[in-house]
Colleague: 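Got a structure here, written out as structure tokens. Questions coming.
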Amino acid sequence: MDLEKGICRLSIIPVRAKAGDQSEMVTQLLFGEHYTVLEATKDNKWIRIENYFDGYKGWIDIRQHNPISEEYFSQINHSDYKVCTDISASILYQKHHIQILMGSILPIATNELFKMEEQMAFNGEAKSLSQRRDFEYLKTIALKYLNAPYQWGGKSPFGIDCSGLIQQAYRICGYPLKRDVVDQALQGSAVDGFENAVPGDLAFFKNDEDKMLHAGIILDGGTIIHASGRVRIDRLDEEGIVDEDRKLYTHYLGFIRRILV
């Protein structure tokens with residue numbers, strides 16, 4: 001039996017750990033992300049979904065659910081859509097203007113027919129999801145999130161966590177990564193030692209109990225961009241991240257992974 005499918009047709013939808021507005025937000029759906037409905041609460045007010053892109057599961061308000069057919073779901077899976085690269089942009093969808101955010105997925109592709117209700121007008125900056133870009137482009141995208149406030153479960157330039165920053169920046173550059181730090185730490189290839197790291201590598205940090213708790217993107221010039229209080233750039237050395245304002249190490253380096261090829 002096929003499970004119901006859906007797609008995000010709002011700028012952003014919070015995905016929660018449990019069915020309720022007071023529950024912790026574990027991630028978000030951005031415009032254009034599609035998902036499978038796994039179950040619904042007895043009162044039919046909340047549905048548990050699985051994001052197709054990264055397999056992340058959680059609960060959304062059913063009033064924010066936009067159902068789509070199995071056929072259209074499959075079409076999305078096999079289409080090289082565009083991803084918005086503007087911090088924010090406006091689209092015209094079903095005669096309504098909607099503000100969308102960087103990382104939103106747009107049903108724009110070559111040689112493809114859409115149902116009338118899926119047609120939309122978009123004049124912002126975008127690139128093909130599958131097009132892989134180099135470190136300089138990755139840096140340009142990551143810097144667009146600079147000073148975004150830290151938000152647990154966030155994925156937008158107006159609130160983001162450390163793994164969300166990594167996932168979004170690399171996705172826009174054509175590299176799909178998982179949502180959580182512990183899963184991202186298993187992707188790509190291992191880098192043998194800090195001295196062999198190059199810009200674009202991911203640095204992972206552990207606490208005294210050897211528990212993975214943080215990650216960031218290594219930039220050039222011995223720096224790292226990461227989300228800690230806000231998205232910021234700090235100095236990175238073989239010991240970890242240095243907050244030069246407070247003259248102390250805030251995170252201790254565990255290991256490094258290479259994603260860009």
Side-chain angles (χ1 to χ4, degrees), residues 7-9 11-12 27-35 51-56 68 72-93 98-114 118-146 148 154-157 160 162-179 183-184 186-189 191 197-202 215-220 225 227 231 257-261:
I7 192 166
C8 178
R9 282 294 178 247
S11 60
I12 201 162
T27 190
Q28 296 171 325
L29 295 173
L30 299 183
F31 185 93
E33 292 197 286
H34 61 304
Y35 53 86
N51 188 347
Y52 178 83
F53 169 61
D54 56 16
Y56 219 78
I68 58 174
Y72 185 53
F73 187 88
S74 178
Q75 177 180 309
I76 299 172
N77 297 343
H78 296 93
S79 298
D80 184 20
Y81 281 161
K82 300 280 189 179
V83 58
C84 177
T85 57
D86 288 326
I87 292 176
S88 67
S90 178
I91 63 169
L92 182 65
Y93 170 69
I98 299 176
Q99 285 296 129
I100 64 170
L101 305 173
M102 184 161 57
S104 297
I105 309 303
L106 302 161
I108 302 170
T110 57
N111 301 321
E112 192 165 357
L113 297 175
F114 296 99
E118 288 298 316
Q119 291 184 348
M120 59 183 65
F122 174 73
N123 295 317
E125 294 293 323
K127 67 170 283 292
S128 295
L129 273 169
S130 68
Q131 183 187 21
R132 290 190 165 184
R133 301 294 295 269
D134 60 11
F135 165 70
E136 289 302 325
Y137 188 82
L138 174 71
K139 180 180 178 180
T140 298
I141 293 298
L143 288 177
K144 289 187 177 185
Y145 291 95
L146 194 62
K155 286 170 43 174
S156 91
I160 200 163
C162 69
S163 57
L165 171 66
I166 289 168
Q167 186 191 51
Q168 290 303 105
Y170 277 90
R171 185 183 193 184
I172 291 170
C173 288
Y175 292 84
L177 297 183
K178 295 293 186 180
R179 178 64 179 88
D183 297 315
Q184 293 171 351
L186 301 175
Q187 296 186 262
S189 58
V191 174
V198 298
D201 287 348
L202 290 181
I217 303 169
I218 297 176
L219 301 180
D220 37 12
I225 185 168
V231 177
R257 305 284 294 184
R258 183 156 300 156
I259 306 298
L260 301 181
V261 294

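Here the structure is a predicted model, which means the values were calculated and not measured. What you see below is based on every heavy atom in this structure, not just the backbone, and it leaves out hydrogens, waters and symmetry mates.
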Colleague: Let me see the working for Y137 and C173 under side-chain contact (heavy atoms from CB on, under 4.5 Å), right down to the final yes or no.
Modeller: CA-CA 7 Å; Y137 188 82; C173 288; 3.5 Å; yes
Colleague: Is the backbone of K178 close enough, under 3.5 Å, to the side chain of Q184 for a donor and an acceptor to pair up by distance?
Modeller: yes
Colleague: Is there a donor in the side chain of H34 and an acceptor in the side chain of N77, or the other way round, less than 3.5 Å apart?
Modeller: yes
Colleague: Run the salt-bridge test on E33 and R171 with the 4.0 Å N-O cut-off and return the result as yes or no.
Modeller: yes
Colleague: Give a yes-or-no answer on whether the side chains of R257 and S189 include a donor-acceptor pair shorter than 3.5 Å.
Modeller: no
Colleague: Is atom CD of E125 surrounded by more than 12 heavy atoms (other residues, nucleotides or ligands) closer than 6.0 Å?
Modeller: no
Colleague: So which heavy atom on T85 is nearest to which on K127, and how close?
Modeller: CG2-CG, 4.0 Å
Colleague: Which salt bridge (charged side-chain N to carboxylate O under 4.0 Å, His left out) pairs, counting each pair once, include a residue from residues 130-139, with sequence neighbours left out?
Modeller: K139-D220
Colleague: Looking only at heavy atoms, which two atoms of L146 and V231 are closest? And how far apart?
Modeller: CD1-O, 3.6 Å
Colleague: List the steps, then state whether side-chain contact (heavy atoms from CB on, under 4.5 Å) holds for L202 with I217.
Modeller: CA-CA 5 Å; L202 290 181; I217 303 169; 3.8 Å; yes
Colleague: Should Y52 and F73 be marked as a ring-ring contact (aromatic ring centres under 6.0 Å, His included) after you check the CA-CA gap, both sets of side-chain angles, and the distance that decides it?
Modeller: CA-CA 10 Å; Y52 178 83; F73 187 88; 5.7 Å; yes
Colleague: Could you tell me whether the side chain of M102 reaches within less than 4.5 Å of the side chain of K144, counting heavy atoms only?
Modeller: yes
Colleague: What I'd like to find out is whether the side chain of C84 reaches to under 4.5 Å of the side chain of F122, using heavy atoms alone.
Modeller: yes
Colleague: For a quick test of reading the model, state the closest non-hydrogen atom pair linking A215 to C162 and the distance between them.
Modeller: O-CB, 3.6 Å
Colleague: If only atom types and distance count, is the side chain of K155 paired as donor or acceptor with the main-chain N or O of Q28 below 3.5 Å?
Modeller: yes
Colleague: Between I141 and A169, which heavy-atom pair has the shortest distance, and what is it?
Modeller: CG2-CA, 4.0 Å
Colleague: Checking side-chain contact (heavy atoms from CB on, under 4.5 Å) for the pair I105/F53: CA distance, chi angles, key distance, verdict?
Modeller: CA-CA 11 Å; I105 309 303; F53 169 61; over 6 Å; no
Colleague: Search all heavy atoms of A148 against all heavy atoms of I160 and return the closest pair with its distance.
Modeller: CB-CG2, 4.3 Å
Colleague: Once you round to the nearest 0.5 Å, how far does CD1 of I225 lie from CD1 of I166?
Modeller: 10.5 Å
Colleague: Only counting residues at least two apart or in another chain, list the ones meeting side chain to side chain donor-acceptor pair (under 3.5 Å) with R258.
Modeller: D201
